[in-house]
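Structure first, commentary second.
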Amino acid sequence: MASIKMYEKNGDAKAQQIQSNLEKHFGKLPNVFKAMGRNGDFLEAMLKLSEVAGKGLDAKTKELIIIAVSAVNGCVYCLDAHRSAALQAGVTDEEITAAIEVAAAISAFNNFNKGIDLESDLKSK
């Protein structure tokens, strides 16, 4: 259960219009867009950010990155949503698992290095 009020087409007018469009696209209004549905400007900005982030990447690569980041950030909602999108884009279950393995390994290295404040000696020239 969300810890904030959900706005199902009862936010501001702009949010209501965006949510109606999203509902047509998905066949339902996903909870994430209900949670963001109070303020149409915010909802619009988040959707635009999602659209422009990773421009130049193919759909499979973008979905694998989203899955990897969602896994290390612990966002089950995003994992579920983007696993579905990744499979639709042609990503295999093996590729999804491999992306999560890479993210988990790098996250472990990141945490270790941050924990000991390790000085970087492998910089590109």
With a 3.5 Å cut-off and sequence neighbours excluded, list the donor-acceptor pairs that the side chains of residues 55-76 form with protein atoms.
from : atom 1 : to  : atom 2 : distance (Å)
D58  : OD1    : K60 : N      : 3.1
D58  : OD1    : T61 : N      : 2.9
D58  : OD1    : T61 : OG1    : 3.2
D58  : OD2    : T61 : OG1    : 2.9
K62  : NZ     : S50 : O      : 2.8
K62  : NZ     : A53 : O      : 2.8
E63  : OE1    : H82 : ND1    : 2.7
S70  : OG     : I66 : O      : 2.8
N73  : ND2    : V69 : O      : 3.4

Is the closest side-chain heavy-atom distance between K34 and P30 below 4.5 Å?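 They are not in contact (no side-chain heavy atoms under 4.5 Å apart), so the answer is no.
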
Under 4.5 Å between any side-chain heavy atoms of N21 and H25, yes or no?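 They are not in side-chain contact.
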
Given the rule in the side chain to side chain donor-acceptor pair (under 3.5 Å) test, do Q16 and D12 qualify, once you have shown the distances and angles that lead to the verdict? CA-CA 6 Å; Q16 290 176 36; D12 66 26; over 6 Å; no

Backbone of K9 reached by a side-chain donor or acceptor of Q19 within 3.5 Å: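 Yes, the answer is positive, given that a donor and an acceptor are paired below the 3.5 Å cut-off.
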
Say whether, by atom type as modelled, one donor and one acceptor occur between the side chain of Y7 and the main chain of M36 under 3.5 angstrom.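 Not at all, since once roles are kept as given, no pair shorter than 3.5 Å links the two residues.
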
Only pairs at least two apart or in different chains count here, so list each salt bridge (charged side-chain N to carboxylate O under 4.0 Å, His left out) that has a residue in residues 76-87. R83-D93

Who else is in V52's hydrophobic cluster (ILVMFWY, side-chain heavy atoms under 4.5 Å, direct or via others)? none

E51: salt bridge (Lys or Arg N to Asp or Glu O under 4.0 Å) partners, not counting sequence neighbours: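 Listed in chain order: K48.
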
Write down the atom of L47, the atom of F33, and the distance for their closest heavy-atom approach.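 Minimum heavy-atom separation between L47 and F33: CD2-CE2, 3.5 Å.
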
Inter-residue atom distance I18.CD1 - E23.CD, 0.5 Å rounding: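 Answer for the CD1-CD pair, I18 versus E23, is 14.0 Å.
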
So how far is it from M6 CE to N31 CG, rounded to the nearest 0.5 Å?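 One finds 4.0 Å between CE of M6 and CG of N31.
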
N/O donor-acceptor pairs under 3.5 Å from side chains in residues 37-44, not counting sequence neighbours:
from : atom 1 : to  : atom 2 : distance (Å)
N39  : OD1    : D41 : N      : 2.9
N39  : OD1    : F42 : N      : 3.2
D41  : OD1    : K14 : NZ     : 2.8
E44  : OE1    : K14 : NZ     : 2.7

Transitive ILVMFWY side-chain link V102 to I96, under 4.5 Å: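 No.
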
Could you work out, with side-chain contact (heavy atoms from CB on, under 4.5 Å) as the rule, every residue matching T97, not counting sequence neighbours?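 Checked T97 against side-chain contact (heavy atoms from CB on, under 4.5 Å); matches are E101.
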
Residues which pass side-chain contact (heavy atoms from CB on, under 4.5 Å) with A105, listed by chain and number, not counting sequence neighbours: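 With neighbours one apart ignored, the set is empty.
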
Which side-chain N or O atoms in residues 106-119 pair as donor and acceptor under 3.5 Å with protein atoms at least two apart or in another chain?
from : atom 1 : to   : atom 2 : distance (Å)
N110 : ND2    : I106 : O      : 3.2
N111 : ND2    : S107 : O      : 3.1
N113 : ND2    : F109 : O      : 3.3

Partners passing side chain to side chain donor-acceptor pair (under 3.5 Å) against S20 (at least two apart in sequence or in another chain): none

